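Input: a single structure, listed below in structure tokens.
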Amino acid sequence: PRRIANREILFSISDNSTSNYFVCQIQGNASGDPIRAITASGGAASNAQTTTGITVNTWHHACARFASDTSRNIRLDGGSEGTETTSRVPSGLSLTEIGTRAGSSSRDFDGLIQVPFVWNVALHDSEVVALSQGYLPWEMRPGNIISGVRMDNYFDPYSGNTWSPTGMPDLDVGYR
């Protein structure tokens with residue numbers, strides 16, 4: 001199995017200048033390949049990091065929660081929680097990307113992503129655990145979903161956008 005040698009981005013919401021963003025990424029340049037939830041404003045970044053890491057060639061569930069300017073949280077497979085509370089207020093967010101972030105092509109994800117979803121509320125711990133155990137994301141607080149894509153059709157019924165697979169990593173279909 002391959003080892004993650006670099007940082008690889010799973011999901012991002014950012015500005016065009018790449019100095020303001022929310023990112024969920026595998027921290028492959030850190031021991032154990034943990035997952036991080038990163039918030040940057042004006043180029044200064046803060047991150048929460050899981051207490052354990054991924055196993056390559058194994059499906060995992062990652063959930064980054066950005067509940068407020070001073071609350072970022074990351075969970076891997078429903079557990080392995082990391083939190084961080086430094087105040088960061090990103091502005092000008094206009095890009096939502098799967099497997100990459102504007103200006104960071106060297107960190108593109110080299111793997112399979114199944115069902116990325118974004119809610120406009122912070123999910124409760126029990127909801128994150130349920131998702132990690134196979135609960136369907138489009139059934140979890142459907143009124144609060146602002147973006148969600150079943151990667152078998154690339155259409156986001158929540159935002160009305162169709163995602164383009166051009167320049168994106170390989171995407172798996174279905175849900176584990």
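Count residues from 1 along the sequence. Note that the structure is predicted; figures quoted are calculated from it, not measured.
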Open item on the list: I'd like to know if the side chain of His124 pairs up with that of Arg65 as donor and acceptor (distance under 3.5 Å, no hydrogens or angles considered).
Closed with: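 Judged by distance alone, the side chains do not pair up.
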Open item on the list: I'd like to know if Arg7 and Asp33 make a salt bridge, using a cut-off of under 4.0 Å between side-chain N and carboxylate O.
Closed with: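 Judged by the 4.0 Å cut-off on N to carboxylate O distance, Arg7 and Asp33 do not form a salt bridge.
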Task: Single-linkage hydrophobic cluster Leu93~Phe66, side-chain heavy atoms < 4.5 angstrom - done: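 Result: yes, single cluster for both.
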Task: Path from Val129 to Tyr135 over hydrophobic side-chain contacts below 4.5 Å - done: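 No, Val129 does not connect to Tyr135 through the hydrophobic network.
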Under 3.5 Å, is there a donor-acceptor pair between the side chain of [X] and the main chain of [Y]?
X: Ser68; Y: Thr70; result: yes
X: His60; Y: Thr55; result: yes
X: Asp15; Y: Gly92; result: no
X: Thr39; Y: Arg88; result: no
X: Trp119; Y: Pro142; result: no
X: Arg75; Y: Gly78; result: yes
X: Ser147; Y: Phe117; result: no
X: Arg72; Y: Thr86; result: yes

Open item on the list: Which heavy atom of Ile74 sits nearest to which heavy atom of Ala37, and what is that distance?
Closed with: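 Closest heavy-atom pair between Ile74 and Ala37: CB-CB, 3.9 Å.
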Open item on the list: salt bridge (Lys or Arg N to Asp or Glu O under 4.0 Å), that's the test. Do Glu84 and Arg36 meet it? Break it down for me.
Closed with: CA-CA 10 Å; Glu84 209 282 326; Arg36 285 189 179 167; over 6 Å; no
